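Note that the coordinates shown come from a computational prediction; the quantities given were computed from them, not determined experimentally.
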2 protein chains.
Amino acid sequence: MSRAKNNIGELGPLVGYHLRRAFGAFAADFAVAMEGTGMRQVLVGILTVVSGSPGINQGAVGRVLGIKRANMVSLINELVDAGLIARVVDPGDRRAFSLNITDAGRAMLADCLARIAAHEQRMLAGFSEAERAMLLELLGRIERRDPAAA
Amino acid sequence: MSRAKNNIGELGPLVGYHLRRAFGAFAADFAVAMEGTGMRQVLVGILTVVSGSPGINQGAVGRVLGIKRANMVSLINELVDAGLIARVVDPGDRRAFSLNITDAGRAMLADCLARIAAHEQRMLAGFSEAERAMLLELLGRIERRDPAAA
DNA sequence: TATTGTTATACTCTATAACTATA
DNA sequence: TATAGTTATAGAGTATAACAATA
């Protein structure tokens with residue numbers, strides 16, 4: 001492992017750069033963790049939100065997770081086609097679909113969350129509980145910001 | 001701003017989830033910060049590395065930044081076409097191209113780094129210097145990990 | 001045989017605009 | 001007029017496989 005120059009220069013002190021690299025490392029390991037399930041990061045997110053808010057509609061799920069309405073369509077289709085969520089017309093608002101997790105969805109979600117727990121442990125090996133909590137807190141402060149949309 | 005339920009359930013304690021959201025927020029504001037320059041995150045990264053390691057070749061730049069060889073080709077083409085970097089056959093290894101930043105590239109990089117500094121300040125408003133350093137340190141530990149490639 | 005750069009390709013994520021049907 | 005969902009489309013990031021030229 002003769003680590004070469006690896007001269008990132010002015011990128012070194014940039015949080016944005018390291019956020020990108022850390023996100024990439026997490027995403028790569030996440031994909032490995034999900035192998036065989038057919039699930040991806042976004043799908044697990046949607047399944048979790050639907051599980052926690054039975055009867056929620058697509059738009060609301062998208063708003064919670066930061067996914068555009070247009071992009072929700074095929075994602076929900078994937079989950080419905082896989083039998084993981086059920087979609088019925090909302091009786092109270094016939095424009096909307098009411099989403100609910102199925103038994104198969106619950107089983108899949110449980111499997112995914114177990115895999116994700118192991119994945120997080122791998123990625124955060126060596127982190128103290130205080131460090132993990134601090135990282136969550138700092139990331140939370142960033143994500144609750146949106147200067148671009150101001 | 002009647003914040004709705006926003007029930008993310010089991011996603012709440014996951015570092016990976018918040019990393020994704022924080023990365024998204026950073027990327028969106030980065031794009032706004034670069035408006036009018038024609039530059040993107042990856043291009044600034046490449047320009048910075050070439051600037052700091054004159055004569056470096058494509059493969060090495062990719063290795064430093066975590067970009068696959070195949071994807072480097074069009075990125076380098078963009079920068080060459082824009083007149084920001086010069087590409088000549090490496091005299092010592094005629095398979096490789098030697099990359100150098102041009103004067104125009106130096107000017108562009110200076111402009112971009114100034115915009116990025118302002119962008120980072122926006123995104124990290126309210127962070128103490130110690131918090132910023134801590135975040136950099138924790139992210140650095142994550143990115144220097146690659147369980148998937150083990 | 002390994003490496004540099006290349007081409008071709010494919011999948012995912014993200015974004016916008018325009019449409020429909022309901023409200 | 002506004003909202004829920006849809007369709008079509010486009011740009012960007014990332015990944016693999018196969019190839020030519022050179023080492």
Using atom [atom1] of [X] as one end and atom [atom2] of [N] as the other, report the distance to the nearest whole Å.
{"X": "B:Phe30", "N": "D:dA12", "atom1": "CZ", "atom2": "C1'", "answer": "14 Å"}
{"X": "B:Gln41", "N": "C:dT14", "atom1": "CD", "atom2": "P", "answer": "14 Å"}
{"X": "B:Phe26", "N": "C:dC13", "atom1": "CZ", "atom2": "C1'", "answer": "20 Å"}
{"X": "B:Leu43", "N": "D:dA12", "atom1": "CG", "atom2": "C1'", "answer": "11 Å"}
{"X": "A:Met34", "N": "C:dC11", "atom1": "CE", "atom2": "C1'", "answer": "18 Å"}

**A:Gln121, CD: over 12 other non-hydrogen atoms inside 6.0 angstrom** =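 Atom CD in A:Gln121 is not crowded, with 12 or fewer foreign heavy atoms closer than 6.0 Å.
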
**Prompt:** Is the shortest side-chain N/O distance from B:Lys68 to OP1 or OP2 of D:dA15 below 4.0 Å?
**Reply:**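 Checking B:Lys68 against D:dA15: at least one side-chain N or O falls below 4.0 Å of OP1 or OP2.
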
**Message:** Evaluate B:Asn57 against B:Arg95 for side-chain hydrogen bond (donor to acceptor under 3.5 Å, both in side chains), listing each step before the verdict.
**Reply:** CA-CA 10 Å; B:Asn57 64 35; B:Arg95 290 172 304 182; over 6 Å; no

Look for any protein N or O under 3.5 Å of an N or O in nucleotides 4-9 of chain C and output each such pair with its distance, or none.
unit_1, atom_1, unit_2, atom_2, d
C:dT4, OP1, B:Arg63, NH2, 3.4
C:dG5, OP1, B:Gln58, N, 3.2
C:dG5, OP1, B:Phe97, N, 3.1
C:dG5, OP2, B:Gly59, N, 2.6
C:dG5, N7, B:Arg69, NE, 3.3
C:dT6, OP2, B:Gln58, OE1, 3.0
C:dT6, OP2, B:Gln58, NE2, 3.2

**Request:** Over 60° means perpendicular and under 30° means parallel, so classify the ring planes of B:Phe23 and A:Phe23, tilted if in between.
**Result:**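 Rings of A:Phe23 and B:Phe23: parallel, under 30°.
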
Are [X] and [Y] side-chain neighbours, meaning at least one heavy-atom pair lies under 4.5 Å?
{"X": "B:Ile56", "Y": "B:Asn100", "value": "no"}
{"X": "A:Leu65", "Y": "A:Val49", "value": "yes"}
{"X": "B:Arg21", "Y": "A:Leu139", "value": "no"}

